[in-house]
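Written below as structure tokens is the structure these notes are about.
Just follow the structure's listing: the first ligand is 1, and inside any ligand the first atom is 1.
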Amino acid sequence: MQTYAYGFPRLGSDQEYKKAIESFWCAKIGEKKLIKQLFDVESQRLGVYQENVDTFPIGEFTYYDNMLDTACIFGVHKFKNINGYFEYARGAKALELKKYFNTNYHYLTPVINKNAKFTLSWNKPLDYFNKFTAFKNQPLFLIGPYTFLRLSQVQGNFIKTFDELCAAYKKLFKELKNHGVSSLHIEEPAFCCDVEKKEVDSIIRNYKNIIPQDLKVNLMTYYESVDFLSHLYDLPVDGIGVDFIAGVDNLKHLKRKKFPRDKKLICGIVDGRSPRRIDVGATAKYLDMIRKTAKLKEQNIVISNSCPLQHLPISLNKEDNVTNVLSGKLSFATERLYELKLINELMTKKSTKAKQWSFIASKKSIKKFPKSFDTLTLTPKDFLFRKKHQRDELKLPLFPITTIGSFPQDKQIRKMISDFENGDVQESDYDKFIRSRIHELVNKEEEIGLDVLVGGEFERTDMVEFFAQKLDGFLTTDQGWVISYGTMVCRPPIVCDKIERVRPLTLKETFYAQSITSKIVKGVLTGPITILSRAYVLRDDPLHEVAFELAHALNAEVQDLADKGIKIIQIDEPAIKELAPLKEAKADFYYSWAVRAFNIAAHLSSDIQVHTHLCYSEFSDILKWILRLNFDVISIESARSRGRILDAFKKYKFTRAIGPGVWDTHSNVAVKDAAVIEIIDKSVKIFDIDSIWVNPDCGLKTREWPETVKSLKKIVKIAKNYRKKYQNKAKRFY
Ligand code: GLN
Ligand code: ZN
């Protein structure tokens, strides 16, 4: 049997990828050095593949994001030089960031105009083919046309655009073949979404037509099952990659219609998203069951990972902390490659090493779940009552101005945190330092003229990890970094035990901030779903039970905040979509428990104003669920898309309050007056005057101080103008 791996993380074992690109951004290294350093990172990465598996794609590497690269390959976006390329990521031309399916990887969303023409502008795969000649017989990586288009913002007719795009792919394939390329690795995870019949027809029609003879294609799907799997059997491809971890229904599809004998079934049976170590014996048995179901010979079975391995950290090598506790229970990306090898050896009975590879047998709970959960959503009357109560309590002006929570984490702060973590700084000195930063910030916020202040989250390097470190039931890694977008990385914590709040989480900093100002300080916490979606859950209990447990722990914290005088509490749920199933039919169950978990966490008396914050996802399609969250005020990112999301609210009778983001805080350009005005004007047309807040799109953690202060001052000035203008027009609703 053959082994086949893909999506291995590109970060480098010592984050060389991040370091190189960020050094280039701040002009510490030049273009030549950047190219050289990234070449080395990639060579090392390919070396790891080569050591462990038979087949792996070439050209998966990217300087920022593969969706952007695909757009540039086909001339949707164009760049002249490397700085021009990065403009799309973080400059004036920055594209919208969106979650890659239901993961925490964020891609740049290409915009395809109505009359876009696709041209071969950059033969990236060929570049890689020529650069890494040692791997000439490995397949070349591409995002497939359907996935590319489905994830893009398409302004014209979808099918027509798809046909045109496929014609461009056809040209590219031909050119690659002419240059001696023999095989391709094409990823089409979007096949795992709900795909309309006419789109399926168009996919099949096009794929039959675009692949030249003698070019071998492995068509990879992942993250779910493919409802039209059997349609793919007719395509002129060599292998079909199928996810047997997340896509449990794939097995059913195989039963229904026989898999073609002339193709390879690339079986994704080693989880690319969870680090739970596999039971090699059981996995080999599962693989054999798949083989028998598909009625295939062994040589037609390929052993693979279930989805890109980039959702896992690189290796367990440096993880003394977690491996001591969870010895033999974890596998990161490198260990996954080793597992592929072990399964192969076990299947071909070449080795007995598999027995030594310890594992936790997964005791999947057999408890029956309800079809959906009561979301515990308050009634419109309850919300109105809360609104009244809070208006009297808070006495905020029209268009209240606030931020999302974090302020710039400059070098000094980061150094202090890491020194404290390493034991080089004493707790009392650390506390003193954080207090002094909070003090400075609160003064600054007052001076800027914000209405609702925050503590700045200086003590949190990461909005998820911070809570995981304080709560019982989690373990955190030392070097378990994964990319969430571009060069942004996070270390997902691991849930391995009962979650309990055994100590306060945010009280100290929040109370301190409130004690030094007469303005209202907003407490900010990360919500249960966001924490869970960015953690690895190693427990055997159903996810919703873990979510409710976590929600109760967070509620204990917000109760304490409220009891001691904090009047506004924000619970962030930017990742509420990350755990959502890809298929509509399964979504209701998920959202019912996700919303319930939030509402458990946010349960507070009516005098306490509950805020929530969502960002960098297309939320318009799940708005009906978002509106079941018990918030009084919602802040959402809307600047990058110029307020597009706000239109979705028109369909609902929205009587609570909203803070549409007026400044895209993920790009490094200062806010522009016109952009702020555009968003507020749009909001005024859609929402009641006394229901509009003014705030940035997201936290300010990654921004610099001078631009932050400057931008916020601008925003304040504009908001105050609106306040004046609408003073007399503000309707009285109650
Ligand atoms: N409160 C967080 C911050 O300001 C929210 C971050 C997010 O939405 N991703 O950093
Ligand atoms: Zn955000």
Side-chain angles (χ1 to χ4, degrees), residues 94 96-99 103-106 401-410 413-414 417 437-438 441 445 450 452-468 483-486 488-492 505-506 509-510 513 521-535 554 557-558 561 566 568-579 598 601-602 610-619 626 629 631 633-641 645 658-667 693 695-704 708 711-712:
E96 254 183 88
L97 271 176
K98 264 196 216 155
K99 294 179 203 311
T103 76
N104 180 30
Y105 178 74
H106 296 65
I401 316 155
T402 190
T403 61
I404 306 304
S406 63
F407 269 77
Q409 288 234 324
D410 51 53
I413 298 172
R414 270 178 279 148
I417 295 181
R437 296 307 296 253
I438 295 175
L441 174 67
E445 288 180 277
L450 300 169
V452 171
L453 315 191
V454 295
E457 302 180 20
F458 298 123
E459 69 288 2
R460 312 178 193 173
T461 36
D462 180 279
M463 69 186 291
V464 169
E465 198 182 48
F466 173 80
F467 290 90
I483 291 181
S484 52
Y485 67 91
M488 268 300 264
V489 292
C490 62
R491 280 183 300 201
L505 310 170
T506 62
E509 293 82 7
T510 316
V521 168
K522 167 169 80 171
V524 182
L525 289 90
T526 307
I529 301 303
T530 297
I531 293 180
L532 266 196
S533 77
R534 298 200 179 155
L554 293 172
E557 174 78 6
V558 298
L561 284 170
I566 300 301
I568 300 184
I569 294 171
Q570 174 177 305
I571 301 179
D572 295 332
E573 284 293 14
I576 192 160
K577 237 183 151 175
E578 273 165 39
L579 280 178
F598 177 91
V610 174
H611 288 217
T612 190
H613 166 71
L614 271 60
C615 59
Y616 299 100
S617 251
E618 183 67 53
F619 291 117
I626 303 292
L629 300 172
F631 60 80
V633 182
I634 184 169
S635 64
I636 47 171
E637 156 254 335
S638 67
R640 201 177 263 208
S641 66
I645 171 116
I658 184 164
V662 295
W663 172 29
D664 172 17
T665 51
H666 283 192
S667 93
W693 284 62
N695 46 256
D697 266 359
C698 193
L700 302 165
K701 182 186 272 168
T702 57
R703 304 276 46 94
E704 304 285 337
T708 297
S711 293
L712 288 177

Q | Angle in degrees, rounded to 10°, that SG of C615 and NE2 of H613 form at the Zn ion (ligand 2) | A | 110°
Looking at [X], which atoms of ligand 1 are within less than 4.0 Å of one of its heavy atoms?
X    : result
P574 : 7 (C), 8 (O), 9 (N)
V524 : 1 (N)
G405 : 4 (O)
G699 : 3 (C), 4 (O), 10 (O)
C615 : 8 (O)

Nearest heavy atoms of [X] and [Y], plus distance in Å:
X    : Y    : result
I413 : F458 : CD1-CD2, 3.3 Å
H613 : D697 : CE1-O, 3.0 Å
G405 : V524 : CA-CG2, 4.2 Å

Q: Kindly compute the distance separating CD1 (I529) from CG (L579), expressed to the nearest 0.5 Å.
A: 6.5 Å
Q. Roughly how far, to the nearest 0.5 Å, is NZ of K701 from NE2 of H666?
A. 9.5 Å
Q) Just checking, is any N or O donor in the side chain of Q409 or T461 under 3.5 Å from an acceptor N or O on the other one? A) no
Q) Hey, are the side chains of F466 and E457 touching, using non-hydrogen atoms and a 4.5 Å cut-off? A) no
Q. Are any non-hydrogen side-chain atoms of D410 and R437 less than 4.5 angstrom apart?
A. yes
Considering only the protein, which heavy-atom contact is closest to [atom], and what is its distance?
atom                   : result
atom 7 (C) of ligand 1 : C698 SG, 3.5 Å
atom 4 (O) of ligand 1 : S406 N, 2.9 Å
atom 9 (N) of ligand 1 : M463 SD, 3.5 Å
atom 1 (N) of ligand 1 : D572 OD2, 2.6 Å

Q.
Is there a polar contact between ligand 1 and E457, counting only N or O atoms under 3.5 Å apart?
A. yes
Q: Consider ligand 1: state whether an atom of it lies below 4.0 angstrom from any non-hydrogen atom of H613.
A: yes
